[in-house]
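Data first, discussion second: the structure below is written as structure tokens.
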Amino acid sequence: EVQLQASGGGLVQAGGSLRLSCAASGFTFDEYAIGWFRQAPGKEREGVSSIFSDGSTYYADSVKGRFTVSSDIAKNMVYLQMNSLKPEDTAVYYCASTYSTIPDTFLNYHAMENWGKGTLVTVSS
């Protein structure tokens, strides 16, 4: 079965950086997407960034230019490098996956089929 686990969260000051990791395994199809999602207090869960099995990457407008998603296939890992962090980035971050091949779904949490436990990122002012 697909298994995912996000890690690497913590407390950082505004303007700082943090790298999140997602251990991902158990995929039975060659094509899939892994996405990063976040949920802040009082807000809906939103897609942050995703990476498809062909290496294509996708970003929410709010993080484009600041965050970078990447993968290391040999290590079964997906990463989210977060730079220039803002207090608005404070949230629980999750990684999730889908076998969808439709790019428009890759930042839609409803399309995700498997989820890992979240990791908390807190950005102080």
Side-chain angles (χ1 to χ4, degrees):
E1 296 182 352
V2 173
Q3 294 182 305
L4 307 110
Q5 180 60 61
S7 62
L11 174 64
V12 298
Q13 294 190 74
S17 297
L18 203 62
R19 187 180 75 165
L20 304 184
S21 299
C22 175
S25 64
F27 295 98
T28 57
F29 294 95
D30 290 336
E31 295 184 305
Y32 56 89
I34 295 176
W36 288 96
F37 296 80
R38 66 186 182 188
Q39 188 158 27
K43 296 185 178 180
E44 294 184 352
R45 189 169 299 187
E46 63 175 344
V48 176
S49 183
S50 61
I51 185 165
F52 189 55
S53 46
D54 69 357
S56 300
T57 57
Y58 306 84
Y59 298 92
D61 289 343
S62 60
V63 306
K64 186 138 188 173
R66 299 189 297 125
F67 292 8
T68 303
V69 65
S70 62
S71 64
D72 185 335
I73 301 300
K75 296 181 179 179
N76 296 131
M77 299 292 290
V78 174
Y79 305 100
L80 184 67
Q81 178 66 46
M82 306 185 294
N83 298 326
S84 302
L85 283 162
K86 304 174 181 179
E88 307 93 271
D89 296 317
T90 295
V92 176
Y93 284 70
Y94 304 85
C95 59
S97 69
T98 179
Y99 285 123
S100 172
T101 59
I102 304 172
D104 283 349
T105 72
F106 294 164
L107 295 178
N108 183 345
Y109 78 88
H110 292 109
M112 300 298 110
E113 297 153 348
N114 298 91
W115 291 84
K117 293 181 178 179
T119 186
L120 177 63
V121 172
T122 302
V123 184
S124 63
S125 300

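Please read these numbers as outputs of a predicted model, since none were measured by experiment. Sequence positions, counted from 1, serve as the residue numbers for this chain.
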Please check this pair: side chain of R66 against backbone of S84, looking for a donor-acceptor N/O pair closer than 3.5 Å.
yes
Within one Ile-Leu-Val-Met-Phe-Trp-Tyr cluster: W36 and V63, side-chain cutoff 4.5 Å
yes
Rounded to the nearest 0.5 Å, what separates atom OG1 in T122 from atom CG in L85?
11.0 Å
Hydrophobic cluster identity match, F29 and V2, side-chain contacts under 4.5 Å
yes
If you round to the nearest 0.5 Å, how far is OG of S125 from NZ of K86?
12.5 Å
Could you tell me if the side chain of M82 sits less than 4.5 Å from the side chain of D89, heavy atoms only?
no
So how far is it from M112 CE to R45 CZ, rounded to the nearest 0.5 Å?
11.5 Å
Ring centre gap for F37 and Y94 strictly below 6.0 Å:
no
Test item: side-chain donor near acceptor, R19 and Y79, under 3.5 Å
no
Gap between atom NZ of K75 and atom OG of S25 - 0.5 Å precision:
16.0 Å
Does the pair F106 and I51 meet the rule for a side chain to side chain contact (heavy atoms under 4.5 Å, CB included), with working shown?
CA-CA 8 Å; F106 294 164; I51 185 165; over 6 Å; no
For V69, is there any backbone N or O sitting under 3.5 Å from a side-chain donor or acceptor partner on Y59?
yes
Quick check: are there more than 12 heavy atoms from other residues, nucleotides or ligands sitting under 6.0 Å from CG of D72?
yes
How about N83 and S17: does a side-chain donor come under 3.5 Å of a side-chain acceptor?
yes
Checking T119 side chain against G9 main chain: does a donor-acceptor pair fall under 3.5 Å?
yes
What are the two closest heavy atoms between S62 and R38, and how far apart are they?
OG-NH2, 3.6 Å
Any donor and acceptor pair, going by atom type alone, linking the side chain of E113 with main-chain N or O of Y99 inside 3.5 Å?
yes
For T90 and V123, which heavy atoms make the closest approach, and how far apart are they?
OG1-N, 2.9 Å
Evaluation steps, side chain to side chain contact (heavy atoms under 4.5 Å, CB included), between V48 and L80
CA-CA 9 Å; V48 176; L80 184 67; 4.3 Å; yes
If you measure from CG on L18 to CD on Q81, what distance do you get to the nearest 0.5 Å?
8.0 Å
Look at the side chain of S53 and the backbone N and O of Y32, then say whether any donor-acceptor pair between them is shorter than 3.5 Å.
yes
Atom pair OG (S21) and CD (Q5), whose distance is rounded to the nearest 0.5 Å
11.0 Å
Would S100 and T105 count as having a side-chain donor-acceptor pair, cut-off 3.5 Å?
yes
Report whether Y93 and L107 are members of the same hydrophobic cluster (ILVMFWY, side-chain heavy atoms less than 4.5 Å apart, transitive linking).
no
Least distance between heavy atoms, A91 atom then L120 atom
O-CD1, 3.6 Å
Can you name the closest pair of heavy atoms from T98 and A111 and give their distance?
OG1-O, 3.0 Å
Should T57 and F52 be marked as a side chain to side chain contact (heavy atoms under 4.5 Å, CB included) after you check the CA-CA gap, both sets of side-chain angles, and the distance that decides it?
CA-CA 6 Å; T57 57; F52 189 55; over 6 Å; no
I would like to know whether F27 and S97 meet side chain to side chain contact (heavy atoms under 4.5 Å, CB included); could you show each step before the answer?
CA-CA 9 Å; F27 295 98; S97 69; 3.7 Å; yes
Scanning both residues in full, the closest heavy-atom pair of S50 with G35 reads CB-CA, 3.7 Å
Please check this pair: side chain of S49 against backbone of Y58, looking for a donor-acceptor N/O pair closer than 3.5 Å.
yes
Kindly give the heavy-atom pair with the smallest separation between L4 and A96, and that separation in Å.
CD2-C, 4.2 Å
